[in-house]
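Everything below concerns the one structure shown next.
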Amino acid sequence: MIAMLFTTLGLAMREIRRHLMRSFLTVLGIIIGVGSVVTMVTLGNGTTAAVQQQISSLGANILQIRPGQSFGRGGGGTQPQPFEVDDVDAIRQQVAGVVSVAPQVQSSGLAVRNAANWSTTIYGTTNDYVKAQSWTIDRGRIFSSEEERAGKTVCLIGATIRRNLFREDDPIGERIRIRDLSCEVVGALKSRGSSFGPGDQDDVVIMPVKAVQRRITGNQNVSMILVSVDPAYASDAVQDSIKALLRERRRLGPGKADDFNIFDTQQISETLQSTTRTLTALLGAVAAVSLLVGGIGIMNIMLVSVTERTREIGIRLAIGALGREVLLQFLVEAVVLASLGGILGLGIALGASILISPMLQIPFLFNPTINAVAFLFSAAIGVLFGYFPARRAARLNPIDALRHE
Amino acid sequence: MTGPLISLRGITKTFGEGPTAFQALRGIDLDIRSGDFVAVMGPSGSGKSTMMNILGCLDVPTSGAYLFKGHHVEQLTRDERALLRRRYLGFVFQGYNLLARTSALENVELPLLYRGEAKKARQEAALAALRKVGLEEWADHTPAQLSGGQQQRVAIARAIVTEPEVLLADEPTGNLDTERSREIMQLLKRFNSDAGITILMVTHEEEMAAFARTTVKFRDGLVESVEDRKQPVPA
């Protein structure tokens, strides 16, 4: 029986080679089905990974508090009141369940050293920010409390700045010019690794908040407050306390809408995961439909093949082949055909994913599970849709089959 | 050998039902001895092909008994009949019926494949069979590359490669010229006398029937006559 199976396998391969073009067109549905599904899932995984990385680089369990109403509302009324450093201190001192609270003043400008210059983003903040964002110091140190209090013009630089301004030189103790401000580099941040999309995480200069306020933005405004939440506390409860505190400090009477918004990275991450799950389910449905169509294509051609080879089947039956042996032959042929289609589809998906991933600026993640599942599914399609034509072949009357022209 | 190899008793075969029914065989009684060479003759529609199909276990009689080596064949299932064909019977057809685009060797191997023989044994036996029909050198050729006579010889090699008890030939020379037909008949005759294979052959031509020892004539679904030839054409 095993030998029979191998022989049948050989027969099937020969039959497929004999009609190469037709075989290819037969499995085109499966190739396209498997190819597109695996490509979509692979790219979907890459996108999820890229977004997850960006979110996690914001720091785990971080609340971002910004002035203004939540997303999507046009600023029709008055400009919302900005935060101040006092708000940061108030949250730190009065809200339970916060690990660290950091202000963020954001600006942009040209960083210059000798002949080299680089346009970058400047963050005015505190050491808490470095911790909350889980930055690591590669060389040098973080700010001293004296530097923070006095708002000295010292800075930490990201890997991109370091690479562009210092090349291989040691930046510690060197001075760079930011706008018209000379600033001493006290620390170099370790690279966040591969960054995707427009936001290069390493393209950053961090200075004490007071230095940026005084020397660059020229006002006391804080554009964002970052709160790192103690994992032991429920994020919702901490958010509610912060909201209550800020409403009181900003003198918002009952019935007045918040003029600030809290953005929870944890929540975003969870939302993203559930979205991905829904999308994957949707892709699964698309897969089922496209593979069903592919399977019908195979059944169609196998039925044609059975008709075309009626005489051959008659000969085989006459010289003593059992019905089930003929059935096996055609079934194996269908399964081999479908599996080859599956393999081709996987190859195309691999190529397409490797090609498209860099264009979308997402990582290419090979997913063995989806590849294995897609392959097994295509083989199963072969069994399912090959059975009916094979049974038809096996049930032929040898006399009629031999007489068939 | 006691008793005949094949014994038909009151075989009838009706095609269709009701008013359109057609009775192809109307009660055949026939005994065939082991080692005989039987020519089956008769006009078209006399029922000889129908009887050959029944003898070849490709079809079942509507009524009557068919005993092969004393066993009732008419009661066998489809699979059992296939196994009987595989084990005891060889077929040669008018239209050769070789697998297209398949080498002569592979065509001859085919019945051994279904017997589950190993590849090496299959090839050796197939080559030996091709040697017996004088086509060893043509083993790699496909039917399209062979003449009609050569194709029929490949078909004969395929029929005898399993060393069957009975070879059923349905107008084996029907598509061939006289010269080629004689070659085929001599080949069959040789397998009959040398290997002792019982041969049942349908033919229209007296000249080919002359090679056989027994001639059975059919008419209107009945056996008209059974004659033993005193001096068949020697191999």
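Residue numbers start from 1 in every chain, and the chains themselves are labelled A, B, ... in the order their sequence lines are given, proteins ahead of strands. Not measured: the values here are computed from a predicted model.
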When B:Arg78, B:Lys119, B:Arg115 are compared by non-hydrogen pairs under 4.5 Å with chain A, the top option
B:Arg78
Name the one of B:Leu135, B:Leu146, B:Leu105 that satisfies side-chain contact (heavy atoms from CB on, under 4.5 Å) with B:His141?
B:Leu146
Taking heavy atoms only and a threshold strictly under 4.5 Å, list by residue number the residues of residues 10-39 of chain A that touch chain B; give 'none' if the list is empty.
A:Arg14, A:Arg18, A:His19
To the nearest 0.5 angstrom, please state how far the CG atom of B:Asn192 sits from the CE atom of B:Met185.
9.5 Å
Does anything in residues 48-58 of chain B reach chain A? List residues with heavy atoms under 4.5 Å apart, or say none.
B:Asn53, B:Leu58
Taking B:Glu183 as the fixed residue, which of B:Lys189, B:Arg190, B:Arg153 is the one that meets the salt bridge (Lys or Arg N to Asp or Glu O under 4.0 Å) rule?
B:Arg153
Is it the backbone or the side chain of B:Ala159 that comes under 4.5 Å from a heavy atom of chain A, or both, or neither?
neither
N-O pairing of B:Arg122 and B:Glu109 below 4.0 Å
yes
Residues forming a ring-ring contact (aromatic ring centres under 6.0 Å, His included) with B:Phe68, sequence neighbours excluded:
B:Tyr88
Proximity breakdown for B:Leu89 and chain A, heavy-atom pairs closer than 4.5 Å
neither
Nearest heavy-atom neighbours spanning B:Leu188 and B:Ile199:
O-CD1, 3.2 Å
Is it the case that B:Ser63 and B:Thr12 place a side-chain donor and acceptor less than 3.5 Å from each other?
yes
Would you check, one step at a time, whether the test salt bridge (Lys or Arg N to Asp or Glu O under 4.0 Å) holds for B:Arg158 with B:Glu106?
CA-CA 9 Å; B:Arg158 183 181 64 191; B:Glu106 284 173 307; over 6 Å; no
Strictly by modelled atom types, are A:Arg316 and B:Tyr114 linked by a side-chain donor-acceptor pair under 3.5 Å?
yes
B:Arg101 versus chain A, heavy atoms under 4.5 Å apart: side chain, backbone, both or neither?
both
Which portion of B:Arg87 sits near chain A, non-hydrogen atoms under 4.5 angstrom
neither
Residue from A:Glu325, A:Arg311, A:Glu312 scoring the most non-hydrogen pairs under 4.5 Å with chain B is A:Glu325
Residues in residues 393-404 of chain A near chain B [non-hydrogen atoms, under 4.5 Å]
A:Ala394, A:Arg395, A:Leu396, A:Asn397, A:Pro398, A:Ile399, A:Leu402, A:Arg403
